[in-house]
J.: 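Sending over a structure as C-alpha cells; questions will come in a sec.
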Protein chains: 2
Amino acid sequence: MSRTDTSRRGSRQGRAGIRDVAAAAGVSITTVSDALNGKGRLPDATRRHVREVAERLGYRPSAAARTLRTGKSGLIGLTVTTYGEEPFTFTEFAYFAEMARAATSAALARGYALVILPATSRHDVWSNVALDGTVVIDPSDHDPVVTELVRQGLPVVSDGRPAGTLPVTAWVDNDHEAAVLDLLDHLAAAGARRIGLLTGTTTDTYTRLSTTAYLRWCERVGQDPVYESYPAHDPCAGAVAADRLLARPDRPDAVYGLFDPNGTDLLAAARRYGLRVPEDLLLVCCSESTVYATTEPPVTTLSLKPRRIGTAVVQLLIDAIEGIDTGRPVEQVIPTELIVRTSSQRRPPRTTVSAPRSPARD
Amino acid sequence: MSRTDTSRRGSRQGRAGIRDVAAAAGVSITTVSDALNGKGRLPDATRRHVREVAERLGYRPSAAARTLRTGKSGLIGLTVTTYGEEPFTFTEFAYFAEMARAATSAALARGYALVILPATSRHDVWSNVALDGTVVIDPSDHDPVVTELVRQGLPVVSDGRPAGTLPVTAWVDNDHEAAVLDLLDHLAAAGARRIGLLTGTTTDTYTRLSTTAYLRWCERVGQDPVYESYPAHDPCAGAVAADRLLARPDRPDAVYGLFDPNGTDLLAAARRYGLRVPEDLLLVCCSESTVYATTEPPVTTLSLKPRRIGTAVVQLLIDAIEGIDTGRPVEQVIPTELIVRTSSQRRPPRTTVSAPRSPARD
DNA sequence: CCTCCCAAGAGTCACGTTTCTGCATGATCA
DNA sequence: TGATCATGCAGAAACGTGACTCTTGGGAGG
C-alpha cells in the first residue's frame, strides 16, 4: 500500500513497463530483467514463465531507458558530405546507394541500425541522437564534425583515407593510384596512343589521387596530358566537359572519365563528332551503374566495390565500439575491379575477361 | 558534503553532465536546463552566463536521457521492403535513392533524423531503437511490422496506398492508373497501333494497378493485350523478357516498361532485331534515372516524382508526431510527370514538350 | 546442533535529463 | 503599511532500465 503503487497505476497509457510484467508474473523487477536478458541464475521454469507473461502483455523494453542505463544505443551514424542543400551528390549516386545498402546489411547483422546524418546538419540534430559511433564518407580536411565526434570519445571510421591529420579510428579505401595506373595500362595495351582524362575541379582525395596518378603515368610513358576538369556536382557540366575534351585539336583516342555519368556523356559526345567506339575512341569510366552493360556499345567500367567498402567500414566500426581487438588492420585497402567491355577493346574479346557474374555478392 | 557530491566526482569519465555545468556556473540544475532550452523565466545575464559555462565545459546533453524524459527521440524509421537479404531492390534503386534523399532533407529541416530499418530486420533491432514514427515504403498486405508499430501507438505513413485494411496514419501515392492511361494515349497519339507492356510477376500495388490500367485501356480501344511478365527483382530476367516481347509473332510497335532498367533492355533488344527507335518501335519506361537523357536515342520516361513523395511522406509523419492538425489530407496523390524524349515521337518534336529543366527542384 | 554456503530472488540505487512545485525577495497597490 | 504579485531560482520527483547488494530458506559438512 505504498504511494508508489498508487501513483504508477496502470503504467501510464497503454505501454506496459517492466514493472507491470513483474507484477503480473508475481516476481520482482530484477527477475524480469534477468529472465529476459538471459543473465543471473534462474531456473528455466521461472524464465519461461516471465517470458510468457511479457509476451502476453506485449511488453517491449524501452530503448531510451536501456540506452541511458547501458550507454549503448545500437545506433551508427552514416555521414555524407553535402553539396548545396541535398545530402550526397548526383555523381556519387550509385556508389552511395550500393555502399549504404551494404553498410545497412552489415550493421543489421550485428544488431545495429544506421542513422543518416548529413555533415552539414543542424547541430541540434547531431546532439539529439545517441550514437555509438559514426561512419564518415570522404571527410574533408580537418572536418569539424569528425573532430567533435572524436572529442566526445566516439569511434569514427572513414570511407576514404582521411586527409591531413584527421584522427579517425580506422579507414577503408581503394588504392586509387594503382587502379588508375592499371586502367591506363589496359587502354595502352588495347592500342591507345593518347589517353585523355575527364576529371573534377574539386579537391577531394579521390579526384586528387586519381589525377596525379594520371599525370605520373603520362610522364612515365612520355605522353602530354590531355584533360578537362569540371565541377563534378553539377549534373550538366559533365556533358559540356566531355564535348570540350573531344573537340580539342589534340583529341585523345582514349578517355577515362572519373565520374559515373561520364560514360554516357562521352558516348553522346562521340556520336556528335562521328567517332566510333571503340574503333576511333576507347572508353572507360568509373561507375557502379549497371546501365553500362547494355549501352551501345557496352562501356568498360572501373568499380570501386562499394559493397565491400560499406561492409568493411561497418565491421571496423562495430569492432571498435565493442572493444574487440581483431587482428584486422585499422587501415584497409579494398581492391578495385576493372569490368572490361566492348568500349575499351579494339577487337571483340576472344574470351570473357571478367568472369560472368551472377547477381554479384560483393 | 553529502555523499552524493563525493560519489559523483568529476561526472564519471570525460563527458560533462548538466550537474557539472550547474556547479561550475554556481546555479541549480533547473536553471541550467531552462537557460539552455529557452524555457522558464530567467534574466538574459544568467542565461548567457550558463550558456558560456556550458560551452566552455563542452557540455552536450545526453540524447538518451532527454528521450527517456520527454518520450520524443527525434528519430524516424525508414522501412524498406526487402527481397532476399538485401534492403531495397535493384529496380527501385534510383527511385529509392531519390526518395530517401528528399526524405532525409525534409526530416532534417524539421529537426528529425532518419533510421534505415529493413522490414525483415531482426526483431531486437526494431525494439532497440526509440522511434517517434515510421515511414514504410510499399507495405505488403497485412504487414506485420506496420501492425506492430500501430499497436504501439506510433504514427505510420506509407509510400504507396496500403493494401487491404492496413491501419496507417496517412499515405502518399501517385495515381498510377491515370499515369498509365495518359502514357498510352501519348503513344497512340504518336502513331502506335499495338502497344506492348513489360510488367512484373509480383503482386505489389504498383505492378497490379499499372497492369490493370493497361488491360482496361486495351479493352477500351479494342486492342489485344501484348505483354510479358518477369520477376522484377531479378536483374537478368528483364533483358530476357524484353527479348521475348519483341520476338513475338504479334510484335508490338510500341512498348511501355514498368521498371527502371527496361529502357536499356528494350533498346538492346530492339538493336538485336534490327528495329529502329522510334521509327519502328516507340519506347517509354518508368524511371528516375538520368541516363535516359543521353541514350541513343534518348528515352521517354515516366517519373513518379520520388522527391516530392519523400518530402510529403515526412511532412505528414512529423505533423502526426507533433499532433499538428494541418488542413492537409491524410491521403495525398502526387502527380507523375511524363518526360517526353525522342523514343516516343515518330518525328522530331517542333517544340520541346517538357520544359528544359534546370537541376530540378522537386 | 551449529555453521557455512548456495540457490533464488527481492530491494535499491543510478543513468542524465525535464518539469512541477515551492520559496524567497523586492516591487506594486489599495 | 500590509496584502498581492511577479521575478528568479532551488528541490525533488519522475522516466524505465540494468546492476549491484541483501535476504531468505534449506541442505551439507563438521
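Just so it is clear: chains get the letters A, B, ... in the order the sequence lines come, proteins before strands, and each one is counted from 1. Note that the structure is a prediction, hence the values are computed from the model and not measured.
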J.: Rounded to the nearest Å, what distance is computed from the NE2 atom of residue B/H49 to the P atom of nucleotide D/dC9?
T.: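 That distance rounds to 10 Å.
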
J.: Given B/E322 and B/R110, is the salt bridge (charged side-chain N to carboxylate O under 4.0 Å, His left out) satisfied, shown in steps?
T.: CA-CA 11 Å; B/E322 299 182 346; B/R110 293 186 65 172; 3.3 Å; yes

J.: In whole angstroms, how far is the C1' atom of C/dA7 from the CG atom of A/D44?
T.: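 Rounded to whole Å, this separation is 14 Å.
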
J.: Please report, rounded to the nearest Å, how far the C1' atom of D/dG18 is from the NZ atom of A/K72.
T.: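 Value for this atom pair: 15 Å.
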
J.: Restricting both atoms to N or O, compile the protein contacts to nucleotides 8-11 of chain C shorter than 3.5 Å, with distance only.
T.:
residue, atom, partner, partner atom, Å
C/dA8, N7, A/R41, NE, 3.4
C/dA8, N7, A/R41, NH2, 2.9
C/dA8, N6, A/R41, NH2, 3.1
C/dG9, OP1, A/T46, OG1, 3.1
C/dG9, OP2, A/T46, OG1, 3.4
C/dA10, OP1, A/S28, N, 3.4
C/dA10, OP2, A/S28, N, 2.5
C/dA10, OP2, A/S28, OG, 2.6
C/dA10, OP2, A/T31, OG1, 2.8
C/dG11, N7, A/T30, OG1, 3.3
C/dG11, O6, A/T30, OG1, 2.5

J.: Any side-chain N or O of A/R69 less than 4.0 Å from the OP1 or OP2 oxygen of D/dG16?
T.: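 Looking at the OP1 and OP2 atoms of D/dG16, neither is under 4.0 Å from any side-chain N or O of A/R69.
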
J.: Expressed as a whole number of angstroms, how long is the span from A/L68:CG to D/dG18:C1'?
T.: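 Interatomic distance, CG of A/L68 to C1' of D/dG18: 10 Å.
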
J.: Determine the contact category for B/R47: base if any of its heavy atoms lies under 4.0 Å from a base atom, sugar-phosphate if only primed atoms, P, OP1 or OP2 are that close, otherwise nothing.
T.: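 Since no nucleic acid heavy atom lies under 4.0 Å of B/R47, the category is nothing.
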
J.: Using modelled atom types and a 3.5 Å cut-off, is there a donor and acceptor pairing between side-chain atoms of A/D138 and backbone atoms of A/G160?
T.: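 Answer holds: no.
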
J.: Taking atom types as modelled, is there a side-chain donor on A/S33 or A/T30 under 3.5 Å from an acceptor on the other?
T.: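 Distance-only check fails for A/S33 and A/T30.
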
J.: Quick check: does any side chain N or O of B/D132 sit under 3.5 Å from a backbone N or O of B/S73, one acting as donor and the other as acceptor?
T.: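 Pair found, side chain donor or acceptor close to backbone of B/S73.
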
J.: Report the C-alpha distance between A/E148 and B/R60 in whole Å, list the side-chain angles of each, state the deciding distance to 0.1 Å, and finish with yes or no for salt bridge (charged side-chain N to carboxylate O under 4.0 Å, His left out).
T.: CA-CA 11 Å; A/E148 164 72 10; B/R60 297 278 174 270; 2.9 Å; yes

J.: Check whether any side-chain N or O of B/K39 sits under 4.0 Å from OP1 or OP2 of C/dT19, and answer yes or no.
T.: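 B/K39 to C/dT19 OP1/OP2: side-chain N or O found under 4.0 Å.
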
J.: Taking atom P of D/dC15 as reference, at what distance in whole Å does atom CG of A/D20 sit?
T.: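 Distance check: A/D20 CG to D/dC15 P gives 11 Å.
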
J.: Just the rounded figure in Å: distance from P of C/dT17 to CZ of A/R66.
T.: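 After rounding, the reported distance stands at 21 Å.
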
J.: Give a yes or no on whether the backbone of B/R161 and the side-chain of B/S158 come within a donor-acceptor separation of less than 3.5 Å.
T.: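 Flag not set: sc B/S158 to bb B/R161 has no pair under 3.5 Å.
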
J.: Tell me: CG of B/N37 to C1' of C/dG16, nearest whole Å?
T.: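 Rounded to the whole Å, the gap is 13 Å.
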
J.: Are side-chain heavy atoms of B/T79 and B/V135 found at a separation under 4.5 Å?
T.: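 They are not in side-chain contact.
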
J.: In Å and rounded to the nearest 0.5 Å, what is the OG1 to CD1 distance from B/T134 to B/I76?
T.: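 Here the rounded value is 8.5 Å.
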
J.: Is the shortest side-chain heavy-atom distance between B/V125 and A/Y112 below 4.5 Å?
T.: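 A side-chain contact is absent here, since even the closest heavy-atom pair is not under 4.5 Å.
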
J.: Given atom CD1 of B/I18 and atom C1' of C/dA14, what is their separation to the nearest angstrom?
T.: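 So the two atoms are 16 Å apart, to the nearest Å.
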
J.: Between the protein and nucleotides 25-28 of chain D, list every N/O to N/O distance that falls short of 3.5 Å.
T.:
none

